[in-house]
Protein chains: 2
Amino acid sequence: MYVIQSLQNTKVKEWKKLTTKKGRDKTGMFIAEGWHLTEEAVKAEAAVEVIVKEGVALPSYLDSADIHFVTEEIALALAETEHTQGVFAVCKQSEADVENLDLSNILLLDAIQDPGNIGTMIRTADAVGMDAVILGKGTADPYNAKVLRSAQGSHYHLPIIKQDLLSAIETCKRKGIPVYGTSLQNAEPYSKTSSQKKFALIMGNEGAGMDEDLLNQTDHNLYIPIYGKSESLNVAIAAGILLYHLKSE
Amino acid sequence: MYVIQSLQNTKVKEWKKLTTKKGRDKTGMFIAEGWHLTEEAVKAEAAVEVIVKEGVALPSYLDSADIHFVTEEIALALAETEHTQGVFAVCKQSEADVENLDLSNILLLDAIQDPGNIGTMIRTADAVGMDAVILGKGTADPYNAKVLRSAQGSHYHLPIIKQDLLSAIETCKRKGIPVYGTSLQNAEPYSKTSSQKKFALIMGNEGAGMDEDLLNQTDHNLYIPIYGKSESLNVAIAAGILLYHLKSE
């Protein structure tokens with residue numbers, strides 16, 4: 001068993017770059033940390049390489065994986081969590097294009113900032129059976145370690161697409177998919193809308209809400225009533241309520 | 001303007017203790033950080049004292065507050081965020097007792113671990129108009145800084161009660177409030193249940209779900225169907241979907 005020893009090793013330097021947005025953007029790859037995400041990556045045949053800290057017992061699903069063993073020091077250098085399990089999957093980013101996919105249900109994220117919110121919304125979109133998640137400009141990188149962790153492997157279950165949302169809305173319209181925006185003004189309570197065979201739902205920035213230019217292009221705008229004294233709902237919670245309300249079985 | 005200079009000042013030592021669970025439990029107080037939470041605390045008349053870093057401009061809602069000015073060093077010592085705004089509200093914990101409240105809608109949390117999840121559920125419970133949130137044993141401290149931050153001030157809007165959940169369920173039953181558990185086994189899809197004037201909803205631990213002993217005491221158990229490939233929903237997302245479904249306007 002060959003164990004990579006040096007932080008200066010070319011492979012290690014490449015992997016380390018994937019812990020930055022710049023490195024991910026340049027290569028179109030990402031690195032997922034921990035047993036759960038590695039297992040999901042391998043099972044989805046999305047893992048190009050697997051990195052394992054020396055001394056860690058290997059589960060059988062890694063039998064045919066391309067495994068690189070590394071020292072604890074290297075594992076710690078790649079880790080984004082405090083107590084790393086010392087296992088990582090190196091994966092290709094989704095190259096799906098909304099034009100070429102057969103989509104009926106799409107979640108669009110407009111300038112969502114918090115990685116936990118993005119990951120949770122990807123996980124919820126997966127759970128409710130959406131066909132894709134599209135991230136517009138200003139939304140944090142979906143391959144950020146915190147997003148991956150919150151999504152719990154859903155990145156491997158549905159296409160995650162980075163695309164300008166105005167062009168995505170155009171595509172939806174051309175494909176006959178009604179587009180629902182979210183807004184407190186000029187919107188109707190979500191409960192007045194029944195479930196839909198086809199729909200695209202847009203969630204907006206945590207503080208500022210959806211971009212005005214996007215709101216002008218939607219077919220309908222929905223809001224969730226606040227009955228108590230809080231000013232608003234967390235955006236991922238709002239997405240969960242709307243997705244489960246709109247999605248027909 | 002007197003500015004407290006020393007980290008050894010008795011007041012500072014007392015405040016510092018409130019950044020630990022032990023200190024909070026002992027005194028029944030907590031400390032909330034940042035302008036938003038401080039404003040909410042003052043407006044709800046829940047702030048016993050306000051702490052402000054010297055040089056910070058004071059908004060008018062602090063006109064009648066008991067303000068203590070401190071050095072930047074002290075503000076940093078009290079801060080739980082990386083870039084502190086240097087303003088804090090010292091508050092009393094809720095002393096509400098489920099026995100003495102007129103409650104119709106209650107959210108119960110069983111062994112929820114993640115502070116972000118707890119805070120988000122408190123915020124959602126507030127938004128949907130619940131009357132109280134009850135936290136059972138094993139649920140993280142609701143006055144933890146991360147819980148306060150995620151709840152965005154909802155701690156000041158509804159009673160947050162620490163209580164054994166078995167006894168809380170008994171109280172609900174005595175008061176004629178039907179209790180809904182959440183479980184994947186022996187449960188029905190939530191959409192089969194219509195909205196309820198009165199209900200208590202119990203959400204369980206992120207990994208293990210609800211305690212068996214509690215599940216045996218509920219009137220109904222609900223689950224949220226997973227249509228995609230994810231294994232489960234985040235617990236706060238599930239709570240949002242169920243609360244907005246069950247709550248009648």
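Each chain gets a letter, A, B and so on, in the order the sequences are listed, and its residues count up from 1.
- Counted within 6.0 Å of CG on A:Asn186, heavy atoms from surrounding residues, nucleotides or ligands total 12 or fewer; the atom is thus considered open.
- Contacts from residues 108-134 of chain B to chain A, taken as heavy-atom pairs separated by less than 4.5 Å, involve B:Thr120, B:Arg123, B:Thr124, B:Asp126, B:Ala127, B:Val128, B:Gly129 in sequence order.
- Within 6.0 Å of the NZ atom in A:Lys146, the count of heavy atoms belonging to other residues, nucleotides or ligands does not exceed 12.
- Heavy-atom neighbours of chain A within the stretch residues 34-49 of chain B, taken at a separation under 4.5 angstrom, comprise B:His36, B:Glu40.
- Heavy-atom neighbours of chain A within the stretch residues 231-246 of chain B, taken at a separation under 4.5 angstrom, comprise B:Glu231, B:Ser232, B:Leu233, B:Asn234, B:Ala236, B:Ile237, B:Gly240, B:Ile241, B:Tyr244.
- Here A:Ser230 is the residue among A:Ser230, A:Ser150, A:Ala151, A:Gly153 with the most heavy-atom pairs under 4.5 Å with chain B.
- Annotation: side chain to side chain donor-acceptor pair (under 3.5 Å) contacts involving residues 83-97 of chain B, sequence neighbours excluded, comprise B:Glu33-B:Thr84.
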